[in-house]
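Below is one structure; the comments refer to it alone.
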Amino acid sequence: MSELIIEGSRRLEGELTIQGAKNSILPILAACIICKDECIIHNCPRISDVDVTIKVLNYLGCKTVFEGNSLIVDSRNIFKNDIPDFLMREMRSSIIFLGALVSVMGKAKLCLPGGCELGPRPIDLHLDGLRQMGLIVNESHGALDCETVSGLRGCNIALSFPSVGATENLILAAILAKGTTVITNAAKEPEIVDLTNFLNKCGAKITCCGDSTIIIEGVSSLHGTEHTVIPDRIVTITYMAASAVTAGSLILNNVLEENISSAIPIFEEAGCIIKISKGNSLKIDSPARPYFNRLIRTMPYPGFPTDAQAPVMAMTTIADGTSMFVENIFSNRYKHVGELLRLGADIKVEDKVAIVDGVKRLSGAKVQAMDLRGGASLVVAGLSAEGRTVVGGLNHLDRGYECLEDNLKSVGASIRRV
Ligand code: UD1
């Protein structure tokens with residue numbers, strides 16, 4: 001098994017370009033099958049979650065070709081409507097193919113995503129909404145067998161929680177449905193806006209209203225298009241945290257300020273000076289030691305993202321002050337805490353609350369990534385720690401970070417994969 005070896009306490013300085021957003025590319029690739037045409041997706045991150053999604057596309061009958069960071073998907077010959085268990089198990093967000101398959105094939109057979117490293121992963125909101133649209137869902141022993149009798153029909157769906165995945169699945173199912181679908185209390189994450197922008201370029205008629213309502217007027221078919229995926233806001237925040245813990249000075253290119261507006265004040269309060277230029281580039285200059293006395297609550301967008309909780313917590317472990325985190329989205333999202341403790345952090349967890357008393361310095365140790373963003377927090381902490389940190393569990397990090405160690409090395413980190 002590979003590990004990252006980090007010799008910490010080195011100042012980061014230099015320039016990085018932010019990869020395309022993982023949470024945009026996955027639903028966009030699923031949406032490509034509805035086009036039954038050729039789509040060219042630029043700024044596609046080369047991460048393992050994309051590799052698994054490509055395996056699903058190929059299994060369904062799509063042709064895929066990478067040209068650098070552009071992925072060409074030809075879905076003209078899609079002929080299957082099932083996803084085998086081994087692919088569903090490789091990536092739980094494959095559930096996003098449910099809405100796309102019932103939209104274009106009228107049928108879908110796949111297994112339930114089950115629990116995952118962040119806690120239980122129910123899809124009741126996805127299924128309730130799809131049933132309202134006329135989908136017949138047979139659930140048995142963890143398998144889903146879904147079909148429509150005479151196509152899906154538009155309706156009004158009020159989500160009890162603004163689930164990202166449910167919103168995406170319902171949008172995908174509604175595109176070719178008869179009539180108009182109105183989703184209220186929909187998720188408003190930037191990646192959902194990116195998905196709807198892509199779909200509208202393909203001929204869909206989707207309007208995102210500012211008040212969490214999404215209106216989808218059904219159309220008879222879609223066509224192919226070219227699209228550039230938005231920058232990954234969680235990767236941006238991870239590199240900002242890496243700057244903050246190393247007294248660093250980083251220029252991050254390809255950043256959308258409005259998508260990280262809940263995180264910028266946190267770094268500013270920690271003493272970082274942030275300048276954003278018109279050309280979508282962000283400069284972060286960090287103090288010798290960050291200071292922080294604050295409560296951070298994870299919330300649906302535009303609140304502070306649950307995915308950024310772990311990397312930002314890594315920053316607070318060495319900040320001067322006491323911070324409190326309240327994790328409101330997932331029930332099991334503090335797995336990185338035990339590993340941060342091995343590096344000398346002072347953190348107490350009770351249920352959804354974590355209290356971090358900043359220590360002057362961390363010291364290197366052997367740690368294990370338990371999930372994607374928790375793994376990123378260990379890399380951030382390792383960059384600041386004195387001595388050598390060894391991070392295992394890289395399969396988690398590779399799901400979402402493109403060229404992580406090469407990027408960090410290029411700005412002065414001592415980090416290598418063995
Ligand atoms: C997506 C993101 C993930 C991010 C999360 C929250 C992708 C590929 N993943 O995950 O990185 O952390 O949004 O911003 O985009 N829930 C239910 N019933 C449902 C659906 C969800 O109870 O039918 C609960 C979940 O268990 C969780 C919460 O709602 O506690 C949020 O889940 P959701 O917004 O659906 O997250 P995902 O789409 O899975």
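Atoms within a ligand are numbered from 1 in the order they appear, just like the ligands themselves.
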Compute whether any side-chain donor of one residue and acceptor of the other, for N407 and Y239, lie under 3.5 angstrom apart.
-> yes
Would you say S93 and ligand 1 have an N/O pair spaced under 3.5 Å apart?
-> no
Residue, atom and distance of the protein heavy atom nearest atom 34 (O) of ligand 1 read V164 N, 2.8 Å
Heteroatom proximity flag, F330 to ligand 1, N/O under 3.5 Å | no
Any heavy atom of I329 under 4.0 Å from ligand 1? The part involved is both
Determine whether the side chains of N58 and T64 contain a donor N or O and an acceptor N or O closer than 3.5 Å.
-> yes
Ligand-residue contact atoms, ligand 1 with R333, heavy atoms, under 4.0 Å | 12 (O)
Flag P162 as yes when one of its N or O atoms lies below 3.5 Å from any N or O atom of ligand 1, and as no otherwise.
-> no
Here the atoms of ligand 1 under 4.0 Å from any heavy atom belonging to G165 are 35 (O), 38 (O)
Could you tell me whether the side chain of R233 reaches within less than 4.5 Å of the side chain of E191, counting heavy atoms only?
-> yes
State whether D307 and K22 are salt-bridged, where the test is any N-O pair (Lys NZ or Arg NE/NH1/NH2 against Asp/Glu carboxylate O) under 4.0 Å.
-> no
Could you tell me whether atom 17 (C) of ligand 1 has a protein heavy atom closer than 4.0 Å?
-> yes
Does ligand 1 have a heavy atom under 4.0 Å from the side chain of D307, from its backbone, from both, or from neither?
-> side chain
Starting from atom 35 (O) of ligand 1, locate the nearest protein heavy atom and write down its residue, its atom name and how far away it is, to 0.1 Å.
-> S163 OG, 2.6 Å
May I ask you to check if ligand 1 and K22 share an N or O to N or O distance below 3.5 Å?
-> no
Any atoms of ligand 1 less than 4.0 Å from a non-hydrogen atom of F161? List them with their elements.
-> 28 (C), 29 (O), 31 (C)
Nearest heavy-atom approach of N69 to P45 is ND2-CA, 4.2 Å
Within-4.5 Å side-chain heavy-atom neighbours: V229 and F198 | no
Protein heavy-atom partner closest to atom 10 (O) of ligand 1 - residue, atom, separation in Å = R121 NH2, 3.4 Å
T322 and D357: side-chain donor and acceptor closer than 3.5 Å?
-> yes
Not counting sequence neighbours, which residues clear side-chain contact (heavy atoms from CB on, under 4.5 Å) with F86? List them please.
-> P84, E90
Counting from 1, what ligand 1 atoms have a heavy atom of T306 closer than 4.0 Å?
-> 6 (C), 12 (O), 14 (O)
Which part of E168 is near ligand 1, with near meaning a heavy atom under 4.0 Å away: side chain, backbone, both or neither?
-> neither
Ligand 1 versus A166: contacting region, heavy-atom distance under 4.0 Å | neither
Assess whether salt bridge (charged side-chain N to carboxylate O under 4.0 Å, His left out) is satisfied between D49 and R92, documenting all intermediate values.
-> CA-CA 10 Å; D49 269 7; R92 286 170 207 283; over 6 Å; no
Salt bridge between R131 and E139, side-chain N to carboxylate O under 4.0 Å?
-> yes
When distances are taken from atom 2 (C) of ligand 1, the protein heavy atom at minimum range is N23 ND2, 3.4 Å
Distance from atom 22 (O) of ligand 1 to nearest protein heavy atom, with residue and atom = P122 CG, 3.3 Å
Do D232 and Y401 meet the criterion of a side-chain donor-acceptor pair at a distance under 3.5 Å?
-> no
Which protein non-hydrogen atom lies closest to atom 23 (O) of ligand 1, naming both residue and atom, and how far is it?
-> L125 N, 2.8 Å
Tell me, do T167 and P162 make a side-chain contact under 4.5 Å, heavy atoms counted?
-> no
